[in-house]
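Along the sequence shown, the residues carry numbers beginning at 1.
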Amino acid sequence: MSENSAHQAVHTVQQAHAAEPDDFAVQIADSIKSFVLAVTEIAKGDEPGSAVSLLLLEVSQLLLAGGRLGAIEDVLPEDRFEPDAGPEPDGVELREHLAELLAPIDVYHEVFDPYGLPEKPNAFRISDDLAGVVSDLRHGLTHYDEGRVSEALWWWQFSYLSTWGSTCTAVLRALQSLIAHVRLDSPIGAVPDGADTDDDGLTDEQLEQQAGDLMAAELGI
């Protein structure tokens with residue numbers, strides 16, 4: 001082998017080694033893959049009685065990974081511009097399955113920014129939020145699975161700080177509140193006027209009763 005060929009071979013090995021994910025990247029990727037897989041399985045509705053409890057656990061675990069991303073220094077991708085990750089699932093099917101599974105407790109209310117100007121709580125849907133989070137995470141997974149580890153970490157860190165971190169925090173509060181209402185025998189309040197409930201023909205009292213019945217059945221109360 002010529003000296004030039006040997007140098008190129010060594011350089012190729014060094015590049016391959018540099019592209020290998022370290023322990024931190026592997027742990028973050030594993031957490032994200034686990035969340036995406038778990039939410040997809042929960043949305044199938046095979047175990048509706050444990051859906052809320054399982055989602056509470058999964059969102060909590062994902063936020064731990066997000067906290068680790070937020071606590072480290074800014075990740076700098078190797079490329080100046082983000083490579084094309086190709087077409088991605090639109091998440092409509094996942095959102096629809098979650099909406100069907102979680103009705104009538106899908107709608108919740110949250111203040112967008114606790115440090116911003118005072119504002120009225122806005123109505124959100126757990127199904128919309130989780131589908132959006134999964135979409136953000138899958139985008140990074142595409143980079144990770146194709147060996148662009150720094151790009152994946154950059155994307156997960158950026159999107160955690162800009163979108164899915166606050167979204168998951170709000171969803172976690174909603175899920176925790178549902179379980180707390182039942183465990184503490186505290187009735188779930190009626191849906192405020194103007195809330196987006198898609199006008200399903202149910203009164204606020206009926207929605208409240210259904211939500212309470214669903215949680216009571218799930219927790220075996």
ask   = So, for Trp155 and His139, is the gap between ring centers shorter than 6.0 Å?
value = yes

task = Kindly work out whether a path of hydrophobic side-chain contacts (I/L/V/M/F/W/Y, heavy atoms less than 4.5 Å apart) joins Val75 to Val26.
result = yes

query = If you look at every heavy atom in Ala43 and His97, which pair is closest and at what distance?
reply = O-CB, 3.3 Å

task = Identify the heavy atoms of Ile179 and Ser53 that sit nearest to each other, and give their distance.
result = CD1-OG, 4.2 Å

inquiry  = Is there a side-chain contact between Leu137 and Leu62 in this structure, where contact means two heavy atoms from C-beta onward sitting under 4.5 Å apart?
reply    = yes

ask   = In terms of hydrophobic clusters joined by side-chain contacts under 4.5 Å, are Leu161 and Trp154 together?
value = yes

ask   = Hey, does the side chain of Ser31 reach the backbone of Gln27 with a donor-acceptor pair shorter than 3.5 angstrom?
value = yes

ask   = Which pair of non-hydrogen atoms, one from Arg68 and one from Phe24, has the smallest distance, and what is that distance?
value = NH2-CD1, 3.5 Å

query = Tell me, do Lys33 and Asp145 make a side-chain contact under 4.5 Å, heavy atoms counted?
reply = yes

ask   = Around atom CD of Glu100, are there more than 12 heavy atoms of other residues, nucleotides or ligands at under 6.0 Å?
value = no

ask   = OG of Ser127 to CD1 of Ile105: how many Å apart, nearest 0.5 Å?
value = 10.5 Å

Separation of Leu130 CG from Phe35 CZ (nearest 0.5 Å) = 5.5 Å

remark   = Exactly one candidate in Val133, Val134, Leu54 meets side chain to side chain contact (heavy atoms under 4.5 Å, CB included) with Val39; the answer is Val134

key: Rounded distance (nearest 0.5 Å) linking atom OG of Ser135 with atom CZ of Arg95   = 12.5 Å

message = Please give me the minimum heavy-atom distance between Cys168 and Leu63, naming the atom from each residue.
response = CB-CD2, 3.6 Å

key: Tyr160 and its ring-ring contact (aromatic ring centres under 6.0 Å, His included) partner, picked from Phe158, Trp164, Trp156   = Trp164

key: Point-to-point distance, once rounded to the nearest 0.5 Å, from CG of Leu172 to CG of Leu55   = 11.0 Å

query = Counting only heavy atoms not in Glu47, do more than 12 fall under 6.0 Å of its CD?
reply = no

request  = Please round to the nearest 0.5 Å and tell me the distance separating atom CD1 of Ile42 and atom CG of Leu98.
outcome  = 8.5 Å

ask   = For the residue pair Tyr108 and Arg125, what are the closest heavy atoms and their distance?
value = CE2-C, 3.9 Å

ask   = When rounded to the nearest 0.5 angstrom, what distance separates NE2 in His143 from CG in Leu153?
value = 11.5 Å

ask   = Do Leu37 and Tyr144 belong to the same hydrophobic cluster, where Ile, Leu, Val, Met, Phe, Trp and Tyr are linked whenever their side-chain heavy atoms lie under 4.5 Å apart, directly or via other members?
value = no

request  = Test Thr167 against Asp129 for side chain to side chain donor-acceptor pair (under 3.5 Å), laying out the working first.
outcome  = CA-CA 6 Å; Thr167 297; Asp129 288 347; 5.2 Å; no

key: side chain to side chain contact (heavy atoms under 4.5 Å, CB included) assessment of Thr169 paired with Glu110   = CA-CA 10 Å; Thr169 301; Glu110 179 74 8; 5.9 Å; no

message = Checking the side chain of Glu151 only, and the main-chain atoms of Pro77 only, is there a donor and an acceptor separated by less than 3.5 Å?
response = no

request  = Looking only at non-hydrogen atoms, find the nearest pair between Thr142 and Arg148 and report the distance.
outcome  = O-NH2, 4.3 Å

task = Take Ser159 and Asp136 through the side chain to side chain donor-acceptor pair (under 3.5 Å) test and state the conclusion after the steps.
result = CA-CA 7 Å; Ser159 57; Asp136 277 342; 5.1 Å; no

